[in-house]
There are 2 protein chains.
Amino acid sequence: MKKVSIKDIAQMAGVASSTVSFVLNGKARKMRISETVEKRVLEVARTAGYYPNQLAISLRTGKSKTLGLIVENIGNIFFATLAKTIEEEAEQYGYRVVYCSTENNASKGKELISMLSQRQVDGYLITPAPHMEEDIQQLVQLQRPVVLIDRYLPAVEASHVLVNNAEAVNQGMSHLFAQGYREIGFVTVDLDVIQIEQRLDGYIGALSREGIRLNKDIILKIPYTHQREDAIELIASLLKNNPQLDALFFATNYLGILGLESINRLKMSIPDDIAVISFDDHDIFRLYPPGITSIQQPVEAIAKKAVALLMDQCENTEIKFDKREVELTAKLIVRGST
Amino acid sequence: MKKVSIKDIAQMAGVASSTVSFVLNGKARKMRISETVEKRVLEVARTAGYYPNQLAISLRTGKSKTLGLIVENIGNIFFATLAKTIEEEAEQYGYRVVYCSTENNASKGKELISMLSQRQVDGYLITPAPHMEEDIQQLVQLQRPVVLIDRYLPAVEASHVLVNNAEAVNQGMSHLFAQGYREIGFVTVDLDVIQIEQRLDGYIGALSREGIRLNKDIILKIPYTHQREDAIELIASLLKNNPQLDALFFATNYLGILGLESINRLKMSIPDDIAVISFDDHDIFRLYPPGITSIQQPVEAIAKKAVALLMDQCENTEIKFDKREVELTAKLIVRGST
DNA sequence: AAATTTTGCAAAATCGTTTTAGAAGTGTAA
DNA sequence: TTACACTTCTAAAACGATTTTGCAAAATTT
């Protein structure tokens, strides 16, 4: 079945295709198309089942009304929720979102940027993987609208919105101290991204503030590329080798989940044998007895702010670029695990 | 910064744009372009940072190399995994995937189809919401490549791939019977979609096979639009009002999760007070003590098959449409909850 | 040497829109 | 009667690629 184009409609209605375009875009008045013709065109278009070809529109107008969202891993609930919220938010502005995952792999990230460029997205929302500085810098230089989320690149002049990672960890640590925990291990990931570093900084800062000597043995950096099993083993070893530990702080939700598995295998009980707190909330944390205390990021606020910043860059055609750095505050959700 | 087009390259290299196109598409040999010119063009394109405008290509060639995937809810792990696998699979064929959720709302589904049509996707992968028959039938009539996933519409002549729902539930029931459970409640959702009906059929069939009288009081159909809290309450009431129940069968993973919450609140213990089994696997089911027995769909196989069927329709330009119905087998994962 | 074929590239059409410039036709005033 | 202003629409260019066709020059054959 052949698709019906604006030309076909024009022919059927006995007018020029420009006339059809005017009518269909609600510019009939502005272009002084008579009501008779307007009605006829509208009717013909409706009965013929006409719908515009978005590709042609984008090509002609130079605007695809599409945003590119690059996250670390769309399978993770944090990014999935972020993506969904961003999508809903972008819809308000009349934009669609196409999303894709880097898996924290810079070369995949590079490909994705290039793919999105080819598809002429109007703007980019990116949670940058390590070593993506250059590619992102290039986007910025080409004056493409870009907003970084969840992390930023000190070397790149781009707007970004993230959470006050160090302060949030601090808050979590204060809670642990208040509950009487002193021997707190920190499980993080071996990734060179700013928000992970900030979380570690928060941990270190909190210890020193409390006058506790830093013990590097109870800081575990799990290689990002490790398999599930290996990671679970690493955490289990940490616990076995450091029986003095009374609490464990996980730097991300998937680490927390792995940790639960480790604790489970060691037949330790939460919070009696070990207290647990994790960055990023998760269904499991709410449900898993006795409930895992976590630090919840304001995903919705992050999404809204990021989209707003991006829209600002997209719609203001003038080159009035001003970098904006937004920091939102995370929220401590206290549950039975501490 | 102005984007560089094929014309710019042509001008810079002192050739016609057609020549550039030939070179860049590897047709230099076929079109008998001299090596000198080829080298020059390639060099110019490289240094100018040229990349093709996918919109223009799609418009001209009539192929967008993009598939539309419509799922129920991309936030659900089952659909998220499905989407991701489909994406990876489609990539093998050189296709991109854009995905979106219906939230089981037919009018949203209609909009999504129309949006995807406007964007000229080459094919559609759809988990149809109730009442989407008409819109999908239209796609089929327009000869658009379509494959339904996870469910199908009896009234629509479209290829589909799903799991043997009834048989899988049957298998789960057999497992429960073998473990000695007899009073088995069934928690499902109030949705008119075929796979949900099939699951209920499986439950009813298993009971009659075992010679157990059907008790409608222990079949709970939760309205899809219910809030979390209401649903949890409903399940809790079911348990409270039917103390004879020794097992609960949940028809989907999110129902299972709600059920865990209910059981948790009633301070009942699994499997001593109540055994639990759920359709669709989930991280939580693996982790939640004592581990929740579940019926795992072969997501990867479903994705592969669906994409293969769709590709078949996309690439075979001739109208050799033959409807294919594929049924794959789900797998029972026995854990501590039964 | 003339005729033919091959080589190597350019020109132009095309995809489906939007948008600018302007062409008829009608009415009005000088 | 002419000039001018509206009204109502049309023609054509443009967006950035692909692809078919065309055509001069060089090479080969007769």
Side-chain angles (χ1 to χ4, degrees), chain A residues 1-42 44-45 48-66 117-122, chain B residues 1-42 44-45 48-66 114 117-122 317:
Chain A
M1 183 80 75
K2 191 66 181 42
K3 284 177 194 167
V4 19
S5 79
I6 213 171
K7 244 187 237 160
D8 302 325
I9 302 296
Q11 202 165 30
M12 289 189 250
V15 298
S17 52
S18 42
T19 307
V20 177
S21 173
F22 294 138
V23 170
L24 262 28
N25 287 305
K27 296 187 183 160
R29 277 299 82 70
K30 211 172 85 189
M31 286 296 145
R32 289 186 282 258
I33 305 296
S34 70
E35 264 192 56
T36 334
V37 171
E38 184 180 14
K39 281 237 179 74
R40 190 165 74 236
V41 168
L42 248 23
V44 169
Y50 171 79
Y51 62 92
N53 181 324
Q54 188 60 46
L55 297 179
I57 296 179
S58 298
L59 179 60
R60 172 62 226 234
T61 61
K63 307 257 96 198
S64 63
K65 289 285 177 182
T66 301
S117 301
Q118 290 190 197
R119 297 194 176 239
Q120 314 295 122
V121 298
D122 293 338
Chain B
M1 182 79 74
K2 190 66 181 46
K3 282 176 195 168
V4 19
S5 79
I6 208 171
K7 245 187 236 160
D8 303 326
I9 302 296
Q11 201 165 32
M12 289 189 253
V15 298
S17 54
S18 44
T19 307
V20 177
S21 173
F22 292 140
V23 170
L24 261 30
N25 287 302
K27 296 187 183 160
R29 277 299 85 68
K30 210 171 83 186
M31 285 296 146
R32 290 185 287 250
I33 306 296
S34 69
E35 265 191 58
T36 334
V37 171
E38 183 179 14
K39 281 238 177 73
R40 190 165 74 237
V41 168
L42 249 23
V44 170
Y50 170 78
Y51 61 92
N53 181 326
Q54 189 60 46
L55 297 180
I57 296 178
S58 298
L59 179 60
R60 171 64 228 237
T61 61
K63 306 258 95 199
S64 63
K65 289 284 176 184
T66 300
S114 146
S117 301
Q118 289 190 199
R119 298 198 175 235
Q120 313 295 122
V121 298
D122 294 338
T317 42

*Across the strands shown, which category fits B:L59 at heavy-atom distances under 4.0 angstrom: base, sugar-phosphate, nothing?*
base
*Considering non-hydrogen atoms only, spot the tightest contact between B:M12 and B:V44 and give its length.*
CB-CG1, 3.7 Å
*At their closest point, which heavy atom of A:T66 faces which heavy atom of B:R119, and how far apart are they?*
OG1-NH1, 2.7 Å
*Just how far is it from atom CD of B:Q54 to atom CG of A:L59, taken to the nearest 0.5 Å?*
12.0 Å
_Whole angstrom value for the distance that separates C1' of D:dT8 from CZ of A:R29_ = 12 Å
*Distance below 4.0 Å between A:S21 side-chain N/O and C:dT17 OP1 or OP2*: no
*Within less than 4.0 Å of OP1 or OP2 of C:dC15, is there a side-chain N or O belonging to A:K3?*
no
*Answer yes or no: does a side-chain N or O of A:T61 lie under 4.0 Å from OP1 or OP2 of C:dT18?*
no
_Heavy-atom closest contact (B:P52 atom, B:I57 atom, distance)_ = CB-CD1, 3.7 Å
*asked:* Distance check needed: D:dA14 C1' versus B:I6 CD1, whole Å only.
replied: 17 Å
*Under 4.0 Å between a side-chain N/O of B:Y50 and OP1 or OP2 of D:dA17, yes or no?*
yes
*Whole Å only: how far is the CG atom of A:N53 from the P atom of C:dT14?*
18 Å
*What nucleic acid atoms does A:K30 come within less than 4.0 Å of, heavy atoms only: base, sugar-phosphate, or nothing?*
nothing
*asked:* Output the rounded distance in Å from CG (B:N25) to P (D:dT20).
replied: 13 Å
*Taking CD from A:Q54 and C1' from C:dC15, how many angstroms apart are they, rounded to a whole number?*
15 Å
_Please give me the minimum heavy-atom distance between B:I9 and B:A45, naming the atom from each residue._
CD1-CA, 3.9 Å
*Give the rounded distance in Å between these two atoms: CG of B:L24 and P of D:dT18.*
8 Å
*Out of D:dT18, C:dT17, D:dA17, which nucleotide sits closest to the side chain of A:K7?*
C:dT17
*Under a 3.5 Å cut-off on both pairing distances, which runs of 3 or more consecutive Watson-Crick or G-U pairs involve DNA chain D?*
C:1-30 with D:1-30
*Over how many whole Å does the gap from B:I57 atom CD1 to C:dG16 atom P extend?*
17 Å
_Qualifying residues under side chain to side chain contact (heavy atoms under 4.5 Å, CB included), relative to B:S114, sequence neighbours excluded_ = B:Q118
Pairs under 3.5 angstrom only: tabulate donor-acceptor contacts from the side chains of residues 14-30 of chain B to other protein residues two or more places apart or in another chain.
unit_1: B:S21; atom_1: OG; unit_2: B:N25; atom_2: ND2; d: 3.3
unit_1: B:N25; atom_1: ND2; unit_2: B:S21; atom_2: O; d: 2.9
unit_1: B:R29; atom_1: NH2; unit_2: B:I33; atom_2: O; d: 3.3
unit_1: B:R29; atom_1: NH2; unit_2: B:E38; atom_2: OE1; d: 3.3

*For the residue pair A:K39 and A:L42, establish whether any side-chain heavy-atom pair is separated by less than 4.5 Å.*
no
Contact list (N/O, under 3.5 angstrom) for nucleotides 8-12 of chain C vs protein:
unit_1: C:dC9; atom_1: OP1; unit_2: B:S34; atom_2: OG; d: 3.2
unit_1: C:dC9; atom_1: OP2; unit_2: B:S34; atom_2: N; d: 2.5
unit_1: C:dC9; atom_1: OP2; unit_2: B:S34; atom_2: OG; d: 3.1
unit_1: C:dA10; atom_1: OP2; unit_2: B:A16; atom_2: N; d: 2.6
unit_1: C:dA10; atom_1: OP2; unit_2: B:T19; atom_2: OG1; d: 2.8
unit_1: C:dA11; atom_1: N6; unit_2: B:S18; atom_2: OG; d: 3.2

_Set of side chain to side chain contact (heavy atoms under 4.5 Å, CB included) partners for A:S5, sequence neighbours left out_ = A:K7, A:D8
*How would you list, by chain and number, every residue that makes a side chain to side chain contact (heavy atoms under 4.5 Å, CB included) with B:L55, sequence neighbours excluded?*
A:L55, A:S58, A:Q120, B:N53
*Could you check how far CG of A:L55 sits from C1' of C:dT14, rounded to whole Å?*
15 Å
